[in-house]
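Since the structure comes first, as structure tokens, the remarks are kept for the end.
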Amino acid sequence: MILRRKAQRLLFSLASLYLLALVALAIAAPLVSPYSPTEQFLDRRFHAPGPQHLLGTDNLGRDILTRIMYGSRSALLVGVVTVSVALLLGGAVGLIAGMGPPVVDTALMLLMDSILSFPTILLAITVVSFVGYGLVQVMLALGIISSPIFARLIRAETLSIKNEGYIEASRALGTAPVKIVVKHIIPNITSKVIVQCSLTFAQAVVVESSLSFLGVGIQPPAASWGLMLKDARNYLVQAPWMAIYPGLCLALTVLSFNIIGDYLSERFNPRLGELV
Amino acid sequence: MNLVKYAAKRVLRLIITLFIVSTIIFFVIRVIPGDPALIIGGVDAKPADLEAIRARLGTDRPLSTQYAEFLWSILHLDFGRSMISDEPVTSLILQRFPLTLALAVLGLLIGILIAVPLGVLSAVKRWSGWDYLGLVLSQLGMAIPSFWLGILLLLVLAIRFPIFPLFGVDSGAGLVLPALSLGLARAAILLRHTRASMIEELSKEYIVAARAKGLPETLIRYKHALKNALLPIITIAGIEFGYMLGGAIIVEQVFSLPGLGRLFLYAIYQRDFPLIQGGVVFIAVIFSVVNFVADMLYSIVNPKIRLE
């Protein structure tokens, strides 16, 4: 058991370290890499990984490592915006449903459940097919699609604590509902919300790369891991490295967020760890 | 609550969900800035051409009429004609659907075949090598998107060791890798649920009673606990099936399979609005019906659920 705890903490540290490195590289990409993510060198096509191009070059002679670094900008940006939009929107809906009259609660939750019952990727493709594609559309679509899970979570937490003695006492003293939400309810649901943020972030990164892979997400020549994999698919025989490294980066990022989410949810709720 | 009443209640919920979804789809298309006719015709299209496109799309009529017609057409499963090929949307979809369906069914089977035995084993032998293997696999399965897994499978099993065809479905073998990449990726979720469900079941009082009675451990585990632990898995598998359909759309793209996903994507690339609209509603219907069937199966094997 103690060994398991240690292993978990180690994994958590590794995951955090990886993500920190990713953020640092995303920010410092122009300083770290001598290459441009979009400039094409047709005489340097399909170079295998080597000292000059650590992870090789693609079908247009672009440096893969550089494109991965710039691609992490897209991934992280989509993650941050998606989580923010989903948290704000879902949080507002969840709090209104939890605190408001039952009619509003039922109506809002029916709507949220309808959205929640569909696979995220299908919804994302659908929304993007209507609003057109590109970075901004993907982020907004993902934010809206990811909000029901926050609404559900925040509503459930709100309902479970809103009749606790101290909140009732506060209400009896005449505290305004808004103040009750801000002072008592929000601080009490933060831990679970943080866990969900981590998981939603991971999902947003996957969906963004999936959309870009399908050609309905981030558009060329911008760099995105999904877009790199889309190009790679046509050159699997000539340049397998084009397919391996962006995917590896994507998988490690998702893995890290999942590990962090799992670790935090066990830390916040130790009894869960014994069951799951 | 008896089964008929429960079914009626679920059917009502199914209808409400579909109604909400189709309403959202309808209004999303119309509320979005930009006239579809302008998008299809191009910025420099003649006003007369634009009028013609609007008339074909039906966007020249009042919104309420359009909405009523839209709902009516869904009831008939008639989504109009494709803007590009002029074929009925429904028949286009039905031509492509069998492949996607086969992919999703195979994927689900692979997922269940991997997840259930390993999940049960993990739960029975907690913190053993099997359990850790299960944990590692489920983390990997959740982290590796199906389309990248598909690419990796191609790299290894079609290029490095040419066992399977690179692209296309000339034979059944062409479906193996796509189904594997779908199934392996989603097995992670099923594995987690199976394990949790089995652990929960094994900690219940009737298991303690069975042990106290001196029943053999194998009988307790695989006859008593497993049977009950698998019940919730039916619901999860139903939901997973929907995800398989969604995932199939992406995986089809990896393996160049001419399924629903490709049809849908080309519709998006070419802004074929009737086809997009029909495709979305079709997928929503299929998905809701699958969930409904899973719920009904679950309520038959576990009548307790009908009381809630």
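Below, read A as the first sequence line, B as the second, and so on, with proteins coming before strands; counting in each chain starts at 1.
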What's the spacing between A:Leu214 CG and B:Phe264 CZ if we round to 0.5 Å?
10.5 Å
CZ of B:Phe147 to CD1 of A:Ile121, rounded to nearest 0.5 Å, is 8.5 Å
Can B:Arg192 and A:Asp262 be counted as an ion pair, charged N to O under 4.0 angstrom?
yes
One should read off an interatomic distance between B:Ile283 CD1 and A:Leu123 CG, to the nearest 0.5 angstrom, of 10.5 Å
Could you tell me if the side chain of A:Leu122 sits less than 4.5 Å from the side chain of B:Tyr243, heavy atoms only?
no
Go through the atoms of B:Tyr132 and report whether side chain, backbone, both or neither lie under 4.5 Å from a heavy atom of chain A.
side chain
When every non-hydrogen atom of A:Asn258 is compared with those of B:Met142, the smallest separation belongs to ND2-CB, 4.0 Å
Pick one of side chain, backbone, both or neither for A:Leu211, based on which atoms fall under 4.5 Å of a heavy atom in chain B.
neither
Is there a donor-acceptor pair under 3.5 Å between the side chain of B:Trp148 and the backbone N or O of A:Gly226?
no
Is it the side chain or the backbone of A:Ala243 that comes within 4.5 Å of chain B heavy atoms, both, or neither?
both
Side chain to side chain contact (heavy atoms under 4.5 Å, CB included) between A:Arg233 and B:Ser256: does it pass, once the steps are laid out?
CA-CA 10 Å; A:Arg233 189 191 146 280; B:Ser256 310; 2.4 Å; yes
Side-chain contact test, heavy atoms from C-beta onward, threshold under 4.5 Å: evaluate it for B:Ile159 versus A:Pro240 and give yes or no.
no
Check each atom of A:Thr253 against the heavy atoms of chain B and say whether the ones under 4.5 Å are side chain, backbone, both or neither.
neither
